[in-house]
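Input: a single structure, listed below in structure tokens.
Atoms within each ligand, like the ligands themselves, are counted from 1 in listed order.
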Amino acid sequence: MREPLDPLNHFDAQDEADGLEKPLFGLDAETLCRLLAETGEFAYRGRQIAEAMYCQWVSEISEMSALPSALRAKIAAHGWRVGRPAVARTFKSFDGTERYLIDFESAGARGKTAEAVWMPEGDGGDAGDEVESGPDEARAWSRATICVSSQIGCAVNCQFCLTAKLGLLRNLTAGEIAGQVVAVLARQGVRVGRDRVNLVFMGMGEPFLNYDHFMAAVRLLAREVGLSPRRMTVSTSGVVPGILRFASEPLEIRPRLAISLNAPNDAIRSEVMPINRKWPIAEVIEAVKHIPLRPRERITFEYVLLGGVTDRPEQAREVARLVRGAGLPAKVNLIAWNPGPGIAHEMPTPEAVAMFHEALMSAGIAAFIRQPRGRDIFAACGQLKRTVEG
Ligand code: SAH
Ligand code: SF4
């Protein structure tokens, strides 16, 4: 059941999450079948438990209606519980974005909460309305994106990022990562396989520094929950050993990749993202080239525009040369920096963002401006936890 420790992981997150009660959420159907067989039950009961947790989204053993009540009691008596992370607090933006503080109660006091975000993309007609989007309501959205965290805090220390200010508190387990997704799916009444829902691993933390748990979460979400890895994107600050491992993952469970480029050259990138001193841009791009891409798949370069630092037109031309020189099918997502307390940077002006975009486009680079979502609820990475919990 436990995966071998990997040098990419700072420590084994499962140890951190193990309380007296053992969470079932996070175990795949195969493991559950084995577990049930070991306690003298029919192995297929394990599959029923998996279905209850990952398809029916039950959050209590008592709700597993396919199981005889004696078996439910027995499982609970063995110290098991579902243990799915719960939405502790919700913050709604005028633009429909919902930001959640997710509680991992199993984890004890240290590193108890992380953030997840729901970003509906409706027709915009409901902007500003108080819409309760539950399973029984008419949907205000036609597609949506869920953003989840991979760690509580982050060790990478990017200068513009609020999560960095927390330092790394701990890794999240596979169940805690996948559990954020299921908690949001359940809350929004998403019809898996019918609704267009994208998943991005772009919340708190660096997924490739918690590689085993992150990929185990992807496998759970793909194989048990039924989400397509083609609709998942993982973002990395450029952890080269992680990118190389990712390149060898089977296509049917490999999400798409985004690289946080965020600067036009190594000199500036090393300033704003110290990880660049360890793995500079050229090494990151070399590693990305090992990934066997699907037809029409593109690598995304994310570029956070910092006013006066990384948003000048000549820097856009540098980025264009860099991206073209990479020789990869690629696109650039431009994100205006979201301000946060205690970070000495400036937002780019709308004109600077537009000019940067224009310069990339006229250099033949596919570039998109990502609209800031939920600014009024502190939607930038790490902002909610910092502003709510102090
Ligand atoms: N650690 C990973 C994934 C989480 S951060 C990574 O760095 O890629 C997800 C994205 O949010 C990154 O592209 C990061 O550059 C961006 N980001 C961080 N802080 C931000 C802020 N204050 N405003 C806008 N984007 C931010
Ligand atoms: Fe960590 Fe990503 Fe924030 Fe950098 S931008 S500190 S890698 S979460």
Which ligand 1 atoms does [X] reach within 4.0 Å, using its non-hydrogen atoms?
X      : value
Glu206 : 1 (N), 2 (C)
Ser260 : 6 (C), 7 (O), 8 (O), 12 (C), 13 (O), 15 (O)
Met202 : 4 (C), 5 (S), 9 (C)
Gly205 : 1 (N), 2 (C), 3 (C), 4 (C)
Asn262 : 15 (O)
Gly203 : 4 (C)

When you look for heavy atoms under 4.0 Å from ligand 1, do you find them on the side chain of [X], its backbone, both, or neither?
X      : answer
Thr236 : backbone
Glu302 : side chain
Asn338 : both

(request) Give a yes/no on ligand 1: does Pro339 have at least one heavy atom closer than 4.0 angstrom to it? (result) no
(message) Any heavy atom of Ser150 closer to ligand 1 than 4.0 angstrom?
(response) no
(request) Take atom CD of Glu346 as the centre, draw a 6.0 Å sphere, and report whether it contains more than 12 heavy atoms from other residues, nucleotides or ligands. (result) no
(request) Verify the distance criterion only: is there a donor paired with an acceptor across the side chains of Asn262 and Glu302 at less than 3.5 Å? (result) no
(message) Any donor-acceptor pair under 3.5 Å linking the side-chain atoms of Glu206 with those of Thr236?
(response) yes
(message) Distance to the ring centre below 6.0 angstrom and angle to the axis at most 45 degrees; does that hold for Lys331 and Phe368?
(response) yes
Heavy-atom contacts with [X] under 4.0 Å: which atoms of ligand 2 show up? List them by number with element.
X      : result
Ser237 : 7 (S)
Gly205 : 8 (S)
Val156 : 1 (Fe), 7 (S)
Ala164 : 6 (S)

(request) Confirm or rule out an N/O/S atom of Cys158, from backbone or side chain, lying less than 2.8 Å from atom 1 (Fe) of ligand 2. (result) no
(request) Output yes when Arg321 and Glu318 qualify as a salt bridge under the 4.0 Å nitrogen-oxygen rule, no when they do not. (result) no
(message) Using ring centroids (six-membered ring only for Trp), state whether Tyr54 and Phe25 fall under 6.0 Å.
(response) yes
(request) Assign the ring pair Phe246 / Phe208 to parallel, tilted or perpendicular, where the plane angle (0 to 90°) is split at 30° and 60°. (result) tilted
(message) Let me confirm one number: the CH2-OG1 distance from Trp118 to Thr97, rounded to the nearest 0.5 Å.
(response) 11.0 Å
(request) Measure from atom 3 (Fe) of ligand 2 to each N, O or S atom of Cys154 and report whether any distance is below 2.8 Å. (result) no
(request) Identify which one of Asn210, Ile152, Leu209 satisfies the side chain to side chain contact (heavy atoms under 4.5 Å, CB included) criterion when paired with Asn171. (result) Asn210
(request) Pick out which of Arg47, Glu38, Glu41 makes a side chain to side chain contact (heavy atoms under 4.5 Å, CB included) with Cys33. (result) Arg47
(message) With the threshold set at under 4.0 angstrom, would you say Ser260 reaches ligand 2 through any of its heavy atoms?
(response) no
(message) Name the residue from Arg254, Arg230, Arg256 that meets the salt bridge (charged side-chain N to carboxylate O under 4.0 Å, His left out) definition with Glu297.
(response) Arg254
